[in-house]
Structure formats: C-alpha cells, structure tokens
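Only one structure is covered here, and it is reproduced in the block below.
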Amino acid sequence: MLEITYVRQNPEDVKKRLAVKHFAELHLVDELLVIDETRRQTQKVLDDNLARQNAIAKEIGDLFKQGKKAEAENKKAEVAQLKEDSKSLEVKLADAEQDMRNILVRIPNLPNPQVPEGKIPEHNVVVKQVGEIPALAEGALEHWDLAKKYDLFDLELGVKITGAGFPVYKKQGAKLQRSLVSFFLDEAEKAGYMEVIPPHMVNEASAFATGQLPDKEGQMYHITVDGFYMIPTAEVPVTNIVRDEILEEKNMPAKFVAYSPCFRREAGSYGKDVRGLNRVHQFEKVEIVQIAHPDKSYQVLDEMIAHVESLLQKLELPYRILRLCGGDMSFSSALTYDFEVYSAAQKRWLEVSSVSNFETYQSNRLKTRFRDENKKTRLVHTLNGSALALPRIVASLLENHQTANGVRIPAALQPYTGFSAIS
RNA sequence: GGUGAGGUGGAUGAGUGGCUGAAAUCAGCAGUUUGCUAAACUGCCGUACUGGUAAAACGGUACCGAGGGUUCGAAUCCCUCCCUCACCGCCA
C-alpha cells in the first residue's frame, strides 16, 4: 500500500507516476484524498468527544468518593448524549477507514523514475545481454524430448498422480534438481544470505501482507478447511518473517535465502507457453529477500542483480536483463529487472528471475519498520528476487548444453551432481 | 481427536472496576563513578492515528489475542471467536 501521508502531500506526483504504470483509475487518488480528509476530521471530533467523556467519568469517580451522590447522578445524564454522538462518529470513522483501505489496496506502487515508458513486454528495455547464443547441431532436441530420451522427467506420470503441470523428476533429472537447489543455496550463503526453510503454506494474514491477497487470490491453491494458501513463492513466508517488527538499523540489510517448492494455479495459460517445463503448477525455486534501509535499497537491488548474474554465468547460460516498463511491471513493484535465459532449441527467451525493489509498498502492509538515527520509526524497503527458479533453467541447460552423446553439466555444478554429463 | 491451562510492553511477569499505558525484574539507551573490564548509582526506555511545530517540544485518542456487551468508568465482569502451550490417543 502507498503511504497515505505521501499521497496527501504529493497528489500530482502520485498521479503522474501512476500514469507511467498505465493505471486506469487515476480518479481513485482524488477520491482517496476526499475520504482521508473526512477521516481525519471525523477522528478529531470523535477524539474530542471521547476526551470529554473521559473527563466526566473521572469527575463522577471523584464525586462518588466525596459522597456527593446526587451530583454524580446528574453528570451521568451529561455523558449519555456524548455516548450517543460517539457511536455514530465511530461508525463514520470506521467506514472512512475501510473505504480508504479499499482504495489503497487498489492503487499500485509508484514506479521509480528509471522505469521506462511502455505498455507491453516489447517495451521493456534490454539493459544487458551476455553470452553466446549457441548454434545447435542439426537434429537438436527441445528439452521435453531430451527428457524423454534420457528419462529425466515425466509429465504424463504427473498427470496420473496429480494433474497437468506437476512433473515427476527421475534419475539424473531428479539429481539435477537437487544439485541446482544446493548450488543456489550455497552461492547465496557465500553472498551473505541467511538460509531459512519456511512453511510451504501460509495463513491469510501473511498472504495479505505481501500482497498476494486480495489481487492474486485465484493464482494460489487454497486449503479451505484450514484457511491456508500454498505458497506461490518463498517470498511470502520469508518476507513475513519481519511482519510487525521494528528492526535495529545495525541489523540491516537483513538478507534471507530460502529454497521452497512453489505452487501456482496459472489459470488461463495455454499453448507453447506451457510446453514441457516452460510453465508448471509446482516447481522449485531459491528466493533471495532483503530488508533494507530506504537510502540504500537501490544499492541492494544492484547487488542482487549481480548475484543473479553470477549464477547464470556459472551455469554458462546466455542471458539478458530487462528493465520492465511501466505497463509490464507488477502491481507492487517500484522497479523490476527480469532475467531471461536463451533456450536454444525452442529459440526463445525464458524468464528465470525477477528482481524487484518494492520500496515501502510491502512494508506498509507488513508494518515492518526500523528506528532511524532520530529514534523515529520508518518503514523499511523490501526487495526480493529469484536466484533462481529451476524449471526454465533446466530447460535451457538441457537444450543449450546438449551434444550428440548427452548433455554437458557446467563445471560449477559438477561437484553437486557428481556426474559431468547426462547420458 | 480428547482433556486441561493460558494469551499483558523487547523478555520474564504483577495486576479482579476509577489512584494502571500498565508494578517489578532483565535486556536496551544516555550519563556519573572507574587505569581497563566488571560492578554500583541516576535518568530514559511501547505502538498507531491525530492536533501542533520549520523540525522538535507539547497535547488528544486508541490499543493488555480479536470482536461484541455491561457500566458514568473495563487489562480487570459477561458473551462469541481465534491462537498458543501441556498431557493423553494416533502418526512420522
């Protein structure tokens, strides 16, 4: 959520920046300000009213103690009307607060000034491209055919057990998953991240705090009997570690890394996008999260980008980094970089990571603050990124590194797999 | 699943109707003392909204798991819900 004080003080800036995101309901900003004004006025009147009531209650107490019963009884009548007024004021205030919240959750985060203009993925800016696009030999296979050839994963089997989009990894394919997870975790640990293994289901409060609810409700698997949600990313449980906390500045940035399976309903996807491992309902991901000082969060973002880059380089995959345009970035992000690897047999770029700075948009919901040098509480900045999501890495790894005799495993990964080639 | 206990500030933990936004202790912060460390002593030490201010100071309101109720007045009494812990059963 945006901070209401900022909106109140900078309404034109807010509108200007929301326009970059192609936010269609700019009128909400003005509505918000009107409601905020009502809210504050109502609160003032109500507070005064309650203050008066408190004062009278005190007087009555004193009068009773002095044995002045009749006077005390008189005062009681005076309170009755005040209480009556308070009731309606309380309703009015609660309504205003509810309305304000309802609007705030519909307004996306403000894009950082670096966010490029644009509406569609084609308008994203390629800031960097690294690595050679491999020229594959005649007869090179796409990863789903390689999987068949080497018996690495089985989608049909997953259909029997669960349904479409739940792969069963086998043999060297299974080992590869485990190796990648370990590799990513170890690299993150070297970069100073603290590993956590979070719950794979979260309660409603957690899902709300990171913004999955209400906007992405349909994308999560919902365990209705218990009111839990299967996590769509470790970002949700991990970021909630600091929910309702006030951090010490000396403990920042807090750096977390977590491996978890991710569960996504992916309603409405189809076609070549879902072929093979391109898009599945359950997948493995290592996620990095940082809780940073507002003045340093963009430095932190750069550091996270460098970390993700180093992973892709060690896996010897050609990649490019996109700075997402206003229209393509997520609701709650202020600045997002997507990482794509080239999948040489499919001849297309696949998104494998998304690294974002949310500034205070998440922390405002999370109520995660720190104490600044003046001992005042301020909202922290939250950032997260995949480092990395496995399926498309596997797809690209298989396709790019395939040879006539098998699939070469990059040197950095071999200590984990224990084999140098899939065959 | 059964039974019992309990949810109070960063922690422990007191508090059965007004003197309690909340004792005490510990931790933390500032200072005094001190060759250093330790110890001792003094003061400070919740959050949110809101008024006020250039910013502070300062003021108001709310919050003792959540929501309702009783009362002039609720952490304290009543109701509903949620959660946690312990023991038993079952399971890994």
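Proteins come first, then strands; the chains are lettered A, B, ... in the order of their sequence lines, and each starts at number 1.
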Taking atom types as modelled, is there a side-chain donor on A/Thr210 or A/Gln362 under 3.5 Å from an acceptor on the other?
no
Given RNA chain B, 5'-ward residue of the pair A/Val79 and A/Ala57, judged by closest heavy atom
A/Ala57
Suppose we define a pair by two distances each less than 3.5 Å, Watson-Crick or G-U wobble; what does B/U12 pair with here?
B/A24
Check every atom of B/U47, B/C72, B/U61 against the side chain of A/Ile246 and return the nucleotide holding the closest atom.
B/U47
With rounding to whole Å, what would you report as the distance between B/C81 and B/G9 at their P atoms?
24 Å
Using Watson-Crick or G-U wobble geometry with both distances under 3.5 Å, which nucleotide pairs with B/G46?
B/C63
Can you list, by residue number, the residues of residues 84-97 of chain A that have a non-hydrogen atom closer than 4.0 angstrom to RNA chain B?
none
Please report the distance separating the C1' of B/A66 from the corresponding atom of B/A24, rounded so that it comes out in whole Å.
29 Å
Tell me whether the OP1 or OP2 atom of B/G73 has a side-chain N or O from A/Lys75 closer than 4.0 Å.
no
Please determine, by modelled atom types, if A/Gln313 and A/Tyr319 share a side-chain donor-acceptor pair under 3.5 angstrom.
yes
A/Leu50 near the nucleic acid: base, sugar-phosphate alone, or nothing, with a heavy-atom cut-off under 4.0 Å?
sugar-phosphate
What integer number of Å spans the C1' atoms of B/U20 and B/A5?
26 Å
Rounding to an integer number of angstrom, what distance separates B/C79 and B/A23 when you compare their C1' atoms?
30 Å
Would you classify A/Lys375 as touching base, sugar-phosphate or nothing, given that sugar-phosphate means primed atoms plus P, OP1 and OP2, and contacts are heavy atoms under 4.0 Å?
sugar-phosphate
Any donor-acceptor pair under 3.5 Å linking the side-chain atoms of A/Gln346 with those of A/Asn278?
yes
A/Val280 vs A/Phe166, test: side chain to side chain contact (heavy atoms under 4.5 Å, CB included). Steps then yes/no.
CA-CA 6 Å; A/Val280 287; A/Phe166 291 88; over 6 Å; no
Counter-base of B/G1, judged by Watson-Crick or G-U geometry with both distances under 3.5 Å:
B/C88
Partner lookup for B/G31, please. Criteria are Watson-Crick or G-U wobble with both distances under 3.5 angstrom; report none if nothing qualifies.
B/C41
Heavy atoms under 4.0 Å, any strand shown: does A/Arg101 hit a base, just sugar-phosphate, or nothing?
nothing
Between A/Thr377 and B/A48, does any side-chain N or O lie under 4.0 Å from OP1 or OP2?
yes
Which residues, if any, of residues 32-42 of chain A bring a heavy atom under 4.0 Å of RNA chain B?
A/Arg39, A/Arg40
Can you tell me the Watson-Crick or wobble partner of B/A55, both distances under 3.5 angstrom?
none
Could you check whether A/Arg371 gets within reach of a base, just the sugar-phosphate, or nothing at all, counting any heavy atom under 4.0 Å?
sugar-phosphate
C1' atoms of B/G15 and B/G52, separation to the nearest Å
35 Å
Short side-chain N/O contact from A/Arg369 to OP1 or OP2 of B/A48, under 4.0 Å
yes
Taking 4.0 Å as the cut-off, does a side-chain nitrogen or oxygen of A/Asn54 come that near to OP1 or OP2 on B/A62?
yes
How far apart are the closest heavy atoms of A/Lys255 and A/Glu303, and which atoms are they?
NZ-OE2, 2.9 Å
Tell me which nucleotide among B/C72, B/G51, B/A56 gets nearest to the side chain of A/Lys83.
B/C72
Could you identify the nucleotide paired to B/C36, looking across every strand shown and requiring Watson-Crick or G-U wobble geometry with both distances under 3.5 Å?
none
Stepwise, does the side chain to side chain contact (heavy atoms under 4.5 Å, CB included) test hold for A/Lys76 with A/Ile60?
CA-CA 8 Å; A/Lys76 285 191 191 181; A/Ile60 291 175; 4.0 Å; yes
Work out how far the C1' atom of B/U12 is from that of B/C72, and round it to whole angstrom.
37 Å
So A/Tyr259 and A/Glu284, side chain to side chain donor-acceptor pair (under 3.5 Å) or not? Walk me through it.
CA-CA 7 Å; A/Tyr259 151 74; A/Glu284 321 296 303; 2.4 Å; yes
Return the value, rounded to whole Å, for the distance between atom CZ of A/Phe64 and atom C1' of B/C72.
7 Å
Compute the ring centroids of A/His307 and A/Tyr193, then answer whether they are less than 6.0 Å apart.
yes
Atom C1', compared across B/U53 and B/C41: separation rounded to whole Å
37 Å
Would you check, one step at a time, whether the test side chain to side chain contact (heavy atoms under 4.5 Å, CB included) holds for A/Leu383 with A/Met304?
CA-CA 9 Å; A/Leu383 304 95; A/Met304 291 170 80; 3.8 Å; yes
Quick one: are the ring centres of A/Phe263 and A/His281 less than 6.0 Å apart?
no
Considering only atom P, compute the distance from B/G28 to B/U37 and round it to an integer number of Å.
15 Å
A/Asp48 with A/Lys44: basic N within carboxylate O range, under 4.0 Å:
yes
